[in-house]
Protein chains: 2
Amino acid sequence: MTARVLEHPPAEEIRLEEVLHALADPARLEIVRFLAAAGAEVPCSAIDLAVSKSTTTHHYRVLREAGVITQVYRGTSKLNGLRRADLDRLFPGLLDSVVNAAEGQRADTGPATAPTP
Amino acid sequence: MTARVLEHPPAEEIRLEEVLHALADPARLEIVRFLAAAGAEVPCSAIDLAVSKSTTTHHYRVLREAGVITQVYRGTSKLNGLRRADLDRLFPGLLDSVVNAAEGQRADTGPATAPTP
DNA sequence: ATGGTAGTCCGACGGACGTCGGACTACAGT
DNA sequence: ACTGTAGTCCGACGTCCGTCGGACTACCAT
(Lines give C-alpha, C1' and ligand atoms only; values in the text may rest on other atoms or scores of the structure.)
Protein backbone atom coordinates (compact mmCIF):
# COMPACT_ATOMS: atom_id res chain seq x y z
CA MET A 1 0.00 0.00 0.00
CA THR A 2 1.09 3.56 -0.54
CA ALA A 3 2.31 5.54 2.41
CA ARG A 4 -0.61 7.89 2.00
CA VAL A 5 1.80 10.76 2.03
CA LEU A 6 1.78 13.58 -0.48
CA GLU A 7 4.93 14.96 -2.07
CA HIS A 8 5.66 18.58 -1.37
CA PRO A 9 8.53 20.53 -2.87
CA PRO A 10 10.99 21.87 -0.29
CA ALA A 11 10.87 25.62 0.10
CA GLU A 12 14.16 26.15 -1.72
CA GLU A 13 12.72 24.58 -4.84
CA ILE A 14 9.69 26.79 -5.10
CA ARG A 15 9.95 28.71 -8.36
CA LEU A 16 8.33 32.08 -8.80
CA GLU A 17 7.15 31.35 -12.32
CA GLU A 18 5.50 28.14 -11.26
CA VAL A 19 3.74 29.89 -8.42
CA LEU A 20 2.50 32.60 -10.76
CA HIS A 21 1.37 29.99 -13.24
CA ALA A 22 -0.42 28.10 -10.51
CA LEU A 23 -2.23 31.28 -9.49
CA ALA A 24 -3.13 32.23 -13.06
CA ASP A 25 -6.22 30.05 -13.23
CA PRO A 26 -9.69 30.96 -11.97
CA ALA A 27 -10.28 27.70 -10.15
CA ARG A 28 -6.90 27.66 -8.45
CA LEU A 29 -7.08 31.32 -7.59
CA GLU A 30 -10.41 30.66 -5.95
CA ILE A 31 -8.91 27.85 -3.91
CA VAL A 32 -6.11 30.09 -2.70
CA ARG A 33 -8.45 32.95 -1.99
CA PHE A 34 -10.69 30.65 -0.02
CA LEU A 35 -7.84 29.16 1.98
CA ALA A 36 -6.52 32.61 2.77
CA ALA A 37 -9.95 33.76 3.89
CA ALA A 38 -10.46 30.62 5.96
CA GLY A 39 -7.07 30.95 7.59
CA ALA A 40 -7.19 27.25 8.35
CA GLU A 41 -6.88 23.88 6.70
CA VAL A 42 -9.97 22.80 4.87
CA PRO A 43 -10.89 19.64 2.97
CA CYS A 44 -11.21 19.77 -0.82
CA SER A 45 -14.92 19.30 -0.53
CA ALA A 46 -15.29 22.57 1.34
CA ILE A 47 -14.67 24.56 -1.83
CA ASP A 48 -16.84 23.85 -4.79
CA LEU A 49 -15.42 24.75 -8.08
CA ALA A 50 -17.93 24.14 -10.85
CA VAL A 51 -15.63 21.56 -12.39
CA SER A 52 -15.57 17.80 -12.15
CA LYS A 53 -13.90 15.83 -9.38
CA SER A 54 -11.01 14.83 -11.63
CA THR A 55 -10.35 18.41 -12.58
CA THR A 56 -10.54 19.47 -8.96
CA THR A 57 -7.92 16.93 -8.00
CA HIS A 58 -5.76 18.19 -10.85
CA HIS A 59 -5.93 21.80 -9.69
CA TYR A 60 -5.04 20.92 -6.11
CA ARG A 61 -2.08 18.98 -7.35
CA VAL A 62 -0.83 21.87 -9.46
CA LEU A 63 -1.01 24.11 -6.40
CA ARG A 64 0.76 21.59 -4.23
CA GLU A 65 3.51 20.87 -6.75
CA ALA A 66 4.09 24.58 -7.21
CA GLY A 67 4.57 24.88 -3.47
CA VAL A 68 1.50 27.00 -2.84
CA ILE A 69 -0.46 24.64 -0.61
CA THR A 70 0.09 21.67 1.67
CA GLN A 71 -2.07 18.58 1.63
CA VAL A 72 -2.34 15.92 4.28
CA TYR A 73 -4.64 12.97 4.54
CA ARG A 74 -7.01 13.12 7.40
CA GLY A 75 -9.27 10.17 7.63
CA THR A 76 -11.39 9.89 4.55
CA SER A 77 -10.61 13.35 3.33
CA LYS A 78 -7.62 15.57 2.78
CA LEU A 79 -6.79 18.84 4.41
CA ASN A 80 -5.45 21.71 2.37
CA GLY A 81 -3.56 24.64 3.78
CA LEU A 82 -1.64 27.59 2.41
CA ARG A 83 2.15 27.49 2.71
CA ARG A 84 2.01 31.02 3.94
CA ALA A 85 5.23 31.01 5.93
CA ASP A 86 7.29 29.67 3.05
CA LEU A 87 5.71 31.94 0.49
CA ASP A 88 5.99 35.03 2.64
CA ARG A 89 9.63 34.33 3.23
CA LEU A 90 10.45 33.59 -0.40
CA PHE A 91 8.24 36.19 -2.03
CA PRO A 92 7.36 38.82 0.58
CA GLY A 93 4.02 40.44 -0.02
CA LEU A 94 3.17 38.35 -3.05
CA LEU A 95 0.51 36.15 -1.55
CA ASP A 96 -1.21 39.00 0.24
CA SER A 97 -1.33 41.21 -2.81
CA VAL A 98 -2.65 38.41 -4.99
CA VAL A 99 -5.28 37.42 -2.47
CA ASN A 100 -6.34 41.02 -1.96
CA ALA A 101 -6.53 41.54 -5.69
CA ALA A 102 -8.55 38.37 -6.06
CA GLU A 103 -10.99 39.54 -3.40
CA GLY A 104 -11.35 42.84 -5.17
CA GLN A 105 -11.91 41.41 -8.62
CA ARG A 106 -14.33 38.83 -7.35
CA ALA A 107 -16.57 41.66 -6.20
CA ASP A 108 -16.54 43.00 -9.75
CA THR A 109 -17.80 39.81 -11.27
CA GLY A 110 -20.62 39.61 -8.79
CA PRO A 111 -20.91 38.90 -5.07
CA ALA A 112 -20.75 35.21 -4.27
CA THR A 113 -19.67 34.65 -0.68
CA ALA A 114 -19.73 38.26 0.46
CA PRO A 115 -23.30 38.79 1.56
CA THR A 116 -24.24 42.46 1.25
CA PRO A 117 -25.67 43.49 4.64
CA MET B 1 -1.96 52.91 -43.74
CA THR B 2 -2.29 51.92 -40.15
CA ALA B 3 -2.39 54.62 -37.55
CA ARG B 4 0.74 53.25 -35.96
CA VAL B 5 -1.03 53.15 -32.67
CA LEU B 6 -1.06 50.17 -30.36
CA GLU B 7 -4.17 48.95 -28.62
CA HIS B 8 -4.09 49.04 -24.85
CA PRO B 9 -6.82 47.72 -22.59
CA PRO B 10 -8.37 50.38 -20.37
CA ALA B 11 -7.49 50.00 -16.72
CA GLU B 12 -10.97 48.73 -15.81
CA GLU B 13 -10.55 45.78 -18.11
CA ILE B 14 -7.31 44.53 -16.68
CA ARG B 15 -7.93 41.06 -15.27
CA LEU B 16 -5.87 39.66 -12.45
CA GLU B 17 -5.62 36.21 -13.96
CA GLU B 18 -4.38 37.56 -17.24
CA VAL B 19 -1.77 39.63 -15.49
CA LEU B 20 -0.61 36.61 -13.53
CA HIS B 21 -0.53 34.53 -16.66
CA ALA B 22 1.44 37.23 -18.45
CA LEU B 23 3.97 37.24 -15.62
CA ALA B 24 4.23 33.45 -15.45
CA ASP B 25 6.77 33.16 -18.25
CA PRO B 26 10.53 33.56 -17.91
CA ALA B 27 10.92 35.86 -20.91
CA ARG B 28 8.04 38.12 -19.94
CA LEU B 29 9.05 38.19 -16.30
CA GLU B 30 12.49 39.28 -17.41
CA ILE B 31 10.99 42.09 -19.47
CA VAL B 32 8.96 43.31 -16.53
CA ARG B 33 11.87 43.00 -14.16
CA PHE B 34 14.05 44.96 -16.54
CA LEU B 35 11.47 47.70 -17.03
CA ALA B 36 11.00 48.01 -13.30
CA ALA B 37 14.74 48.23 -12.76
CA ALA B 38 15.13 50.75 -15.56
CA GLY B 39 12.29 52.88 -14.27
CA ALA B 40 11.92 54.33 -17.73
CA GLU B 41 10.66 53.46 -21.17
CA VAL B 42 13.04 51.35 -23.17
CA PRO B 43 12.93 49.98 -26.71
CA CYS B 44 12.43 46.26 -27.24
CA SER B 45 15.99 45.93 -28.45
CA ALA B 46 17.33 47.02 -25.08
CA ILE B 47 16.40 43.68 -23.53
CA ASP B 48 17.71 40.57 -25.15
CA LEU B 49 15.78 37.46 -24.49
CA ALA B 50 17.47 34.47 -26.08
CA VAL B 51 14.46 33.91 -28.30
CA SER B 52 13.77 34.93 -31.88
CA LYS B 53 12.46 38.30 -32.96
CA SER B 54 9.00 36.87 -33.67
CA THR B 55 8.79 35.36 -30.23
CA THR B 56 9.96 38.59 -28.67
CA THR B 57 7.20 40.51 -30.42
CA HIS B 58 4.74 37.92 -29.21
CA HIS B 59 5.79 38.27 -25.56
CA TYR B 60 5.57 42.05 -25.65
CA ARG B 61 2.12 41.79 -27.08
CA VAL B 62 0.97 39.42 -24.36
CA LEU B 63 2.20 41.87 -21.76
CA ARG B 64 0.53 44.80 -23.46
CA GLU B 65 -2.78 43.02 -23.97
CA ALA B 66 -2.79 41.93 -20.34
CA GLY B 67 -2.38 45.56 -19.34
CA VAL B 68 1.09 45.19 -17.87
CA ILE B 69 3.02 47.45 -20.21
CA THR B 70 2.48 50.34 -22.60
CA GLN B 71 3.99 50.49 -26.05
CA VAL B 72 4.35 53.54 -28.26
CA TYR B 73 6.11 53.94 -31.54
CA ARG B 74 9.05 56.24 -31.46
CA GLY B 75 10.75 56.62 -34.80
CA THR B 76 12.04 53.30 -35.97
CA SER B 77 11.65 51.62 -32.63
CA LYS B 78 9.05 51.19 -29.94
CA LEU B 79 9.18 52.28 -26.36
CA ASN B 80 7.95 50.00 -23.64
CA GLY B 81 6.96 51.11 -20.20
CA LEU B 82 5.33 49.57 -17.15
CA ARG B 83 1.76 50.56 -16.37
CA ARG B 84 2.80 51.01 -12.82
CA ALA B 85 0.14 53.53 -11.83
CA ASP B 86 -2.71 51.38 -13.12
CA LEU B 87 -1.35 48.17 -11.69
CA ASP B 88 -0.60 49.69 -8.31
CA ARG B 89 -4.09 51.06 -8.10
CA LEU B 90 -5.79 47.85 -9.22
CA PHE B 91 -3.56 45.35 -7.43
CA PRO B 92 -1.69 47.18 -4.69
CA GLY B 93 1.69 45.69 -3.95
CA LEU B 94 1.46 43.02 -6.61
CA LEU B 95 3.94 44.43 -9.08
CA ASP B 96 6.49 45.27 -6.42
CA SER B 97 6.36 41.88 -4.80
CA VAL B 98 6.65 40.09 -8.13
CA VAL B 99 9.54 42.24 -9.26
CA ASN B 100 11.31 41.84 -5.94
CA ALA B 101 10.78 38.09 -6.06
CA ALA B 102 12.07 38.01 -9.61
CA GLU B 103 15.19 39.89 -8.60
CA GLY B 104 15.75 37.47 -5.76
CA GLN B 105 15.26 34.32 -7.79
CA ARG B 106 17.40 35.59 -10.60
CA ALA B 107 20.31 35.64 -8.19
CA ASP B 108 19.62 31.99 -7.36
CA THR B 109 19.83 30.79 -10.92
CA GLY B 110 23.13 32.50 -11.44
CA PRO B 111 24.32 36.08 -11.70
CA ALA B 112 23.57 37.58 -15.07
CA THR B 113 23.67 41.34 -14.71
CA ALA B 114 25.46 41.31 -11.38
CA PRO B 115 29.07 40.95 -12.51
CA THR B 116 31.16 39.02 -10.03
CA PRO B 117 34.40 41.00 -9.55
C1' DA C 1 -18.92 -7.43 5.55
C1' DT C 2 -21.42 -3.67 3.21
C1' DG C 3 -22.09 0.64 1.79
C1' DG C 4 -21.09 5.39 1.36
C1' DT C 5 -17.97 9.12 1.01
C1' DA C 6 -13.65 11.49 -0.52
C1' DG C 7 -10.40 11.63 -3.50
C1' DT C 8 -7.05 9.35 -7.29
C1' DC C 9 -5.59 7.54 -11.57
C1' DC C 10 -5.93 6.91 -16.51
C1' DG C 11 -6.65 7.78 -21.13
C1' DA C 12 -8.62 11.06 -24.24
C1' DC C 13 -9.66 15.34 -26.58
C1' DG C 14 -9.67 20.08 -28.06
C1' DG C 15 -7.67 24.40 -27.50
C1' DA C 16 -4.12 27.47 -26.11
C1' DC C 17 0.83 28.44 -25.81
C1' DG C 18 5.79 29.13 -26.95
C1' DT C 19 8.62 28.79 -30.58
C1' DC C 20 10.39 29.46 -35.14
C1' DG C 21 11.64 31.12 -40.10
C1' DG C 22 10.66 34.03 -43.53
C1' DA C 23 8.44 37.55 -45.93
C1' DC C 24 6.95 42.07 -44.93
C1' DT C 25 6.38 47.26 -43.35
C1' DA C 26 7.94 51.59 -41.31
C1' DC C 27 11.28 54.78 -40.44
C1' DA C 28 16.01 57.15 -40.40
C1' DG C 29 20.30 58.23 -42.48
C1' DT C 30 23.14 58.84 -46.21
C1' DA D 1 16.68 56.30 -54.12
C1' DC D 2 19.05 52.88 -51.44
C1' DT D 3 20.26 50.56 -47.38
C1' DG D 4 20.00 49.24 -42.68
C1' DT D 5 17.52 48.76 -38.57
C1' DA D 6 13.40 47.73 -35.70
C1' DG D 7 9.66 45.44 -35.34
C1' DT D 8 5.22 42.89 -37.42
C1' DC D 9 2.52 39.40 -39.52
C1' DC D 10 1.67 34.71 -40.96
C1' DG D 11 1.50 29.95 -41.08
C1' DA D 12 3.37 25.95 -38.90
C1' DC D 13 4.84 22.68 -35.42
C1' DG D 14 5.11 20.33 -31.05
C1' DT D 15 3.89 20.66 -26.36
C1' DC D 16 1.40 21.72 -22.41
C1' DC D 17 -3.09 22.68 -20.22
C1' DG D 18 -7.87 22.29 -18.64
C1' DT D 19 -11.45 19.38 -18.97
C1' DC D 20 -14.02 15.15 -18.69
C1' DG D 21 -15.96 10.24 -17.61
C1' DG D 22 -15.22 6.18 -15.59
C1' DA D 23 -12.96 2.78 -13.05
C1' DC D 24 -10.43 2.57 -8.88
C1' DT D 25 -8.62 2.96 -3.78
C1' DA D 26 -8.75 4.37 1.06
C1' DC D 27 -11.23 5.17 4.97
C1' DC D 28 -15.21 5.49 8.17
C1' DA D 29 -19.71 3.95 9.97
C1' DT D 30 -23.00 0.65 10.53
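Naming: A, B, ... by sequence-line order, numbering from 1 per chain. These figures come from a predicted structure and were not determined experimentally.
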Completion exercise
By nearest-nucleotide position on DNA chain D, the 5'-leaning member of B:S45 and A:V62 is B:S45
Side chains of residues 46-54 of chain A: which donor-acceptor partners sit under 3.5 Å, not counting sequence neighbours?
{"from": "A:S52", "atom 1": "OG", "to": "A:T55", "atom 2": "N", "distance (Å)": "3.3"}
{"from": "A:S52", "atom 1": "OG", "to": "A:T55", "atom 2": "OG1", "distance (Å)": "3.0"}

Practice task
Specify the separation, in whole Å, of atom CG of B:L49 and atom P of D:dA6.
Solution key: 15 Å
Exercise for the section: Check whether any side-chain nitrogen or oxygen of A:R28 sits under 4.0 Å from OP1 or OP2 of D:dG18, and answer yes or no. Expected result: yes
Handout entry: Nearest-Å distance for atom pair NZ/P, residues B:K53 and C:dG21
Key = 11 Å
Practice task
Report yes if some heavy atom in the side chain of B:V99 is under 4.5 Å from a heavy atom in the side chain of B:V32; otherwise report no.
Solution key: yes
Problem - Distance-only donor-acceptor test (3.5 Å): side chain A:S54, base D:dG22 - result: yes
Handout entry: Interatomic distance, B:L79 CG vs D:dA6 P [rounded to whole Å]
Key = 13 Å
Problem - Heavy-atom side-chain proximity of A:V98 to A:L29 below 4.5 angstrom - result: yes
Exercise for the section: Provide, to the nearest angstrom, the distance between the CD atom belonging to A:E7 and the C1' atom belonging to C:dC9. Expected result: 16 Å
Handout entry: Atom-to-atom span, CZ of A:R61 to P of D:dG18 - whole angstrom
Key = 12 Å
Exercise for the section: Taking only the side-chain nitrogens and oxygens of A:S52, find out if one of them lies under 4.0 Å from OP1 or OP2 of D:dC20. Expected result: yes
Practice task
Answer yes if A:L87 and A:V42 sit in the same cluster of Ile, Leu, Val, Met, Phe, Trp and Tyr residues linked by side chain heavy atoms under 4.5 Å apart, and no otherwise.
Solution key: yes
Handout entry: N or O in side chain of A:H58 less than 4.0 angstrom from D:dC20 OP1/OP2
Key = no
Exercise for the section: Select base, sugar-phosphate, or nothing to describe what B:S77 touches, counting heavy atoms under 4.0 Å on all strands. Expected result: sugar-phosphate
Practice task
With DNA chain D as reference, determine whether B:Y60 or A:A50 sits nearer its 5' end, using the nearest nucleotide of each.
Solution key: B:Y60
Handout entry: Atom-pair distance (CD on B:E18; C1' on C:dC17), nearest Å
Key = 14 Å
Fill in the blank from the handout: When rounded to whole Å, the NE2 to P distance for the pair B:H59 and C:dC17 reads 12 Å
Problem - A:R74 side chain near D:dC27 phosphate (N/O to OP1/OP2, under 4.0 Å) - result: no
Exercise for the section: Flag yes if B:L95 and A:L20 sit in one hydrophobic cluster, no otherwise; membership is Ile, Leu, Val, Met, Phe, Trp, Tyr, and two members link when side-chain heavy atoms are under 4.5 Å apart. Expected result: yes
Exercise for the section: Can you tell me the distance, in whole Å, between the CD1 atom of A:I31 and the C1' atom of D:dG18? Expected result: 13 Å
Handout entry: Residue-phosphate contact under 4.0 Å: A:T55 side-chain N/O, D:dC20 OP1/OP2
Key = yes
